[in-house]
There are 2 protein chains.
Amino acid sequence: MVKKETYSISELAKEFDVTTRSIRFYEDQELLKPTRRGQTRIFSSKDRVRLKLILRGKRMGFSLSETKELFDLWDETLSGNEKQLLLMLDTLSRKRAQLEQQKNDIAMAEMEMDTAEARCREALADLEKRKKEQKMPANEEESTAAEQR
Amino acid sequence: MVKKETYSISELAKEFDVTTRSIRFYEDQELLKPTRRGQTRIFSSKDRVRLKLILRGKRMGFSLSETKELFDLWDETLSGNEKQLLLMLDTLSRKRAQLEQQKNDIAMAEMEMDTAEARCREALADLEKRKKEQKMPANEEESTAAEQR
DNA sequence: GATAAAGTTTACGTAAACGTAAAGTATTTG
DNA sequence: CAAATACTTTACGTTTACGTAAACTTTATC
């Protein structure tokens, strides 16, 4: 028994936690091309893969038309036309540059989140210290210091 | 002379390659809070930093309201309220998880682009070989092999 | 054989993030 | 001082990516 060949719309919806509306919309935009049994959609494992790619693309900030463009380009490379192959290579290298930019952005964001977190923890530690001073005041003078800030 | 304190809307627009419309929209959504000289906006270097963060957020797939939420949270931590500090820390850790997901997504995408590129290059190499065989056919038999695929 | 469950089409609605005039004010420059 | 330049507000338009409801058909279940 192989991996399973076909899927219903609700199976895919459940597996990837999207609405059937979204899946139908992706078909409408020609990102998915299910066959039909009667009027019911039947999704292939290729469709399943593409749905996964669509959702990953979204998480990376790609629009549906960007993703569709990649799908179409890839399909055309399978026809083995030289021009298409070169176009695909060019597109790939542009996408790579985009991913590099994103990796930079993420790295910067992580650094800034590090310093932000550190400051938060410092501020919290300060608050704890004040609490203790409140509970066990060694010196009576300036017990209202916190309010003076 | 320090870094420069204030900026006009068009200065920022030019520097970050966005329209003035976008900048005004960000102010409308309360992500930027320029002061005014008369009715003209005057942006501080803090605004400049925030604009940079907004744009980076966009490249990372963040919505404006997500970014605004972070700005607001950060501002509130400066008031030193314990509850706000804890909320900020929690939010930061959720964002970190999100960035981890994105890094995974990017890594997967890069791998797939690697194999896609390899296949393209193979296909191109094949085409080159056929061209040479066409030009200098060592054996006459089966010269129409390419057409038979 | 009724009814629920899962599927369908059609179509209007909506939030986000601006684009694009239109019409006016303020400032700079020849 | 006239014309160009930069800025403003108001407001309707547009694209993307679906949400939501209505009305209907097909298949499974009791």
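Note that the coordinates shown come from a computational prediction; the quantities given were computed from them, not determined experimentally.
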*Considering just the side-chain nitrogens and oxygens of A:Y26, establish if one lies under 4.0 Å of OP1 or OP2 belonging to D:dC18.*
yes

Please determine whether a side-chain nitrogen of the Lys or Arg among A:D114 and B:R96 lies less than 4.0 Å from a carboxylate oxygen of the Asp or Glu.
yes

TODO: Using a 4.0 Å heavy-atom cut-off across all strands, classify B:T19 as base, sugar-phosphate, or nothing.
DONE: sugar-phosphate

From the candidates C:dG7, C:dC18, D:dC7, the one with an atom nearest any side-chain atom of B:S8 is D:dC7

Whole-Å distance, A:L12 CG to C:dG7 P, equals 10 Å

**Q.** Under 3.5 Å donor-acceptor, B:N81 side chain and B:E76 backbone
**A.** no

On DNA chain C, more 5' by nearest nucleotide between A:T40 and A:R21 is A:T40

Here the distance between atom P of C:dT25 and atom CZ of B:R37, to the nearest Å, is 19 Å

Per atom distances to the B:R41 side chain, the nearest of D:dT8, C:dT9, D:dA6 is D:dT8

Counting only heavy atoms not in B:R36 (residues, nucleotides, ligands), do more than 12 fall under 6.0 Å from its CZ? yes

**Message:** Just N and O in the side chain of A:K58: are any of them under 4.0 Å from OP1 or OP2 of D:dC18?
**Reply:** yes

### Query
Just to confirm, is there a sub-4.0 Å distance from OP1 or OP2 of D:dT16 to any side-chain nitrogen or oxygen of A:S65?
no

Picking from D:dC18, C:dG19, C:dG7, the nucleotide nearest the side-chain atoms of B:S22 would be C:dG19

Judged by nearest nucleotide, the residue sitting upstream toward the 5' end of DNA chain C, B:Q29 or A:E11, is A:E11

A:R24 CZ to D:dA21 P, in whole Å, measures 15 Å

Side-chain atoms of A:Q39 come closest, of C:dA17, C:dT8, D:dA17, to C:dT8

Atom CD of B:E27 and atom C1' of D:dT8 are separated, to the nearest Å, by 11 Å

When rounded to whole Å, the CG to C1' distance for the pair B:D28 and D:dT8 reads 14 Å

Rounded to whole Å, CD1 of A:I54 lies from C1' of D:dT16 at a distance of 15 Å

Next on the checklist: Quick check on D:dT9: is either OP1 or OP2 less than 4.0 Å from any side-chain nitrogen or oxygen of B:R36?
Outcome noted: yes

**Q.** Touch class at under 4.0 angstrom, heavy-atom based, for A:T20 against every strand present
**A.** nothing

Practice task
Answer yes when A:K52 and A:E15 have at least one side-chain N-carboxylate O distance shorter than 4.0 Å, and no when they do not.
Solution key: no

Here the distance between atom P of C:dT27 and atom CD1 of B:I9, to the nearest Å, is 17 Å

Would the distance check show the side chain of B:Q102 and the main-chain N or O of A:I106 forming a donor-acceptor pair, the cut-off being under 3.5 Å?
no

When rounded to whole Å, the CG to P distance for the pair A:L31 and D:dC18 reads 10 Å

